Structures are given as structure tokens and as C-alpha cells.
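The block underneath contains the structure these notes are about, expressed in C-alpha cells.
Numbers here simply count residues along the sequence, with the first being 1. Keep in mind the model is a prediction, meaning the values are calculated, not measured.
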Amino acid sequence: MRLNKKKVVVSALALSLVAILSAGTLAWFSAKDSVTNEFHIADSDDTTPEDIFSVDVWENVDPDGDGQPEKAEDGATYADILPGTTYVKEPHVENTGHYDQYIRVIVTISDMQAWVDAMGADYKFEDCFVGFDEDMWKYIGVNRYADTDEIQVVLYYDGVLESGKDITLFTDVKIPETLTQEQAAAFKGGFTIDVKAQAVQTENVGVDAYEAFKTVGMEL
């Protein structure tokens with residue numbers, strides 16, 4: 001009730017001031033000035049290191065199975081895969097910019113229907129990811145897209161990735177032991193695993209990674 005009284009008093013004073021100023025013609029001295037400040041958005045295309053906001057994905061891979069993983073910017077091809085075999089695939093997400101970042105990773109796996117037919121609709125794809133740290137990554141869930149025959153596993157880094165640092169998503173991919181020859185034939189020669197990373201600034205956001213991506217409306 002006290003708040004309403006304050007509002008009434010403020011309105012009354014404003015009306016009184018208008019009535020007094022309207023009583024006669026007054027001459028006013030006036031001046032104006034302005035200042036323009038330029039604000040440049042942090043951009044991954046900027047060549048100035050302190051202005052860069054960017055993220056990079058690279059891998060340690062061992063496609064020939066010799067036990068000597070190599071760093072690669074592009075994904076490797078794994079030939080003659082067998083059920084129950086573990087293959088080195090170690091995706092890293094690196095903050096190559098100047099600002100601290102929240103990180104979301106989207107793992108897209110092809111041949112959705114073949115996976116469902118072989119492993120069942122409730123199969124947990126994170127079981128394929130050896131070395132996946134559930135304390136480090138928030139597992140949000142799986143999106144299935146019948147039109148593209150793809151599965152998306154969405155993960156959020158439960159922390160802040162500092163500038164110049166990188167984190168590992170998982171270390172290896174294991175082919176399910178129960179995969180039969182008939183089921184493997186449904187993949188029509190193989191499947192692909194694509195890892196995409198997205199970043200959102202941490203400064204002045206005040207929420208966790210999941211809420212930060214919702215706030216900016218960044219699409220999956």
C-alpha cells in the first residue's frame with residue numbers, strides 16, 4: 001500500500017510542475033552534445049588475437065591400429081571393422097579464442113534405422129564411447145531424425161573451457177559385440193560418426209551451459 005502512495009505523490013508533483021511552467025512564456029538556454037562509442041562484436045573471422053571467439057575440434061586417431069595415434073583435423077576412415085573391437089577415436093574440443101566458453105557437443109551417427117534394428121530403440125550410444133567421463137559431460141539425450149536417418153547425441157561440458165585449453169570427449173569407439181553379420185550388412189558398408197562443437201561466451205551470462213545455449217537460441 002505504501003508503494004501505491006509513492007506513485008500517487010510522484011504523479012501529483014509532475015502535474016504541478018507542468019501547471020507552473022505553463023503559466024508563462026519562459027526563455028531557455030540549451031545546448032547538446034553527443035559521444036559515439038563503437039562496440040565490436042567478438043568474431044572468429046577477426047585476425048586480432050584478443051578479439052577472436054572460436055572453437056576447434058581435432059582428434060587423436062589410429063585408423064591402421066598400430067597403437068600410434070596421430071593428431072588429425074579431419075576424421076579418419078576405419079576399414080574392416082569387427083564386432084567387439086575398440087578403435088582409437090579421441091575427439092578434442094579446443095578453445096582457440098580469447099574468451100572463456102561454455103561448450104556443447106553434438107555427435108551425429110548415421111544409419112539410424114540399422115542401429116535400431118541391430119541394437120534396439122533403447123540402446124545407449126554412450127556405451128560405444130570408451131573413456132567418456134560422465135562427471136565432465138552432461139548427457140542430455142538422443143534425437144532421432146527419420147528423414148536423414150541420423151541419430152544425434154547431445155552433450156554439454158559441465159564447466160568452463162578456458163582460452164587455450166582443450167578437453168577430451170571420449171578416447172575410443174567400441175563396436176558392439178552382439179552385432180551379427182546380418183545386422184552389419186544393413187549398414188551398407190559402414191557408418192559415420194561426426195563430432196561438432198559449439199561455444200557460447202561465459203562472461204555476463206550468469207547461468208550454466210545448458211541455460212546459456214537456450215538463452216542465445218543456438219540451434220542444434
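The CD atom of E211 sits 10.5 Å away from atom OH of Y102, with the distance rounded to the nearest 0.5 Å. Once rounded to the nearest 0.5 Å, the distance linking CG of L155 with CD1 of I103 reads 12.5 Å. Atom CD of E94 is separated from atom CH2 of W58 by 6.5 Å, given to the nearest 0.5 angstrom.
Shown here for Q183 and D117, the closest heavy-atom pair between the two residues is NE2-O, 4.3 Å. When all heavy atoms of E177 and P83 are compared, the closest pair comes out as O-CB, 3.9 Å. When all heavy atoms are compared, the tightest approach of S110 to T192 is OG-N, 2.8 Å. Closest approach of I175 and L82 over heavy atoms only: CB-O, 3.5 Å. When every heavy atom of A186 is checked against every heavy atom of D111, the shortest pair comes out as O-OD2, 4.4 Å. Minimum heavy-atom separation, D100 to S163: OD1-N, 3.3 Å.
The backbone N or O of A146 sits nowhere less than 3.5 Å from a side-chain atom of Q113 that would complete a donor-acceptor pair. The backbone N or O of V88 sits less than 3.5 Å from a side-chain atom of Y78, completing a donor-acceptor pair. Between the D172 side chain and the G131 main chain, no donor and acceptor come within less than 3.5 Å of each other. Without hydrogens or angle criteria, T171 side chain to E90 main chain gives no donor-acceptor distance under 3.5 Å.
A side-chain contact (heavy atoms from CB on, under 4.5 Å) with Y157 holds for exactly one of V105, I167, L169; it is I167. Here the rule is side-chain contact (heavy atoms from CB on, under 4.5 Å) with H92, and of N60, V57, D56 only N60 fits it.
If you chain together hydrophobic residues whose side chains sit under 4.5 Å apart, L179 and Y87 fall into the same group. Both W115 and I81 belong to a common hydrophobic cluster when Ile, Leu, Val, Met, Phe, Trp and Tyr are linked at side-chain heavy-atom distances under 4.5 angstrom. A continuous path of Ile, Leu, Val, Met, Phe, Trp and Tyr side chains, each step under 4.5 Å between heavy atoms, connects F213 with V160, placing both in one hydrophobic cluster.
Other residues, nucleotides and ligands contribute only 12 or fewer heavy atoms inside 6.0 Å of the CG atom of D122. More than 12 heavy-atom neighbours from other residues, nucleotides or ligands sit within 6.0 angstrom of CZ on F132.
In summary, the aromatic rings of W137 and Y156 are positioned with their centroids too far apart to meet the 6.0 Å limit.
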Practice task
Using the side chain to side chain contact (heavy atoms under 4.5 Å, CB included) rule, take I151 and M112 through it: C-alpha gap first, then chi angles, then the decisive distance, then the call.
Solution key: CA-CA 6 Å; I151 301 160; M112 177 194 73; 3.3 Å; yes

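Within the 4.5 Å cutoff, the side chain of F129 has no heavy atoms near those of the P91 side chain. Between D208 and K138 there is a side-chain heavy-atom pair separated by less than 4.5 Å. Taking 4.5 Å as the limit, some side-chain heavy atom of V93 sits within range of a side-chain heavy atom of V55. Side-chain contact check for F170 versus C128: every heavy-atom pair is 4.5 Å or farther apart. Within the 4.5 Å cutoff, side-chain heavy atoms of M119 are placed close to those of T178. Residues I106 and K196 have side chains in contact (heavy-atom distance under 4.5 Å, counting atoms from C-beta outward).
The aromatic rings of F187 and F191 sit tilted relative to each other, their planes meeting at an angle between 30° and 60°.
Scored by the side-chain contact (heavy atoms from CB on, under 4.5 Å) test, D133 finds D135, M136 as partners (sequence neighbours excluded).
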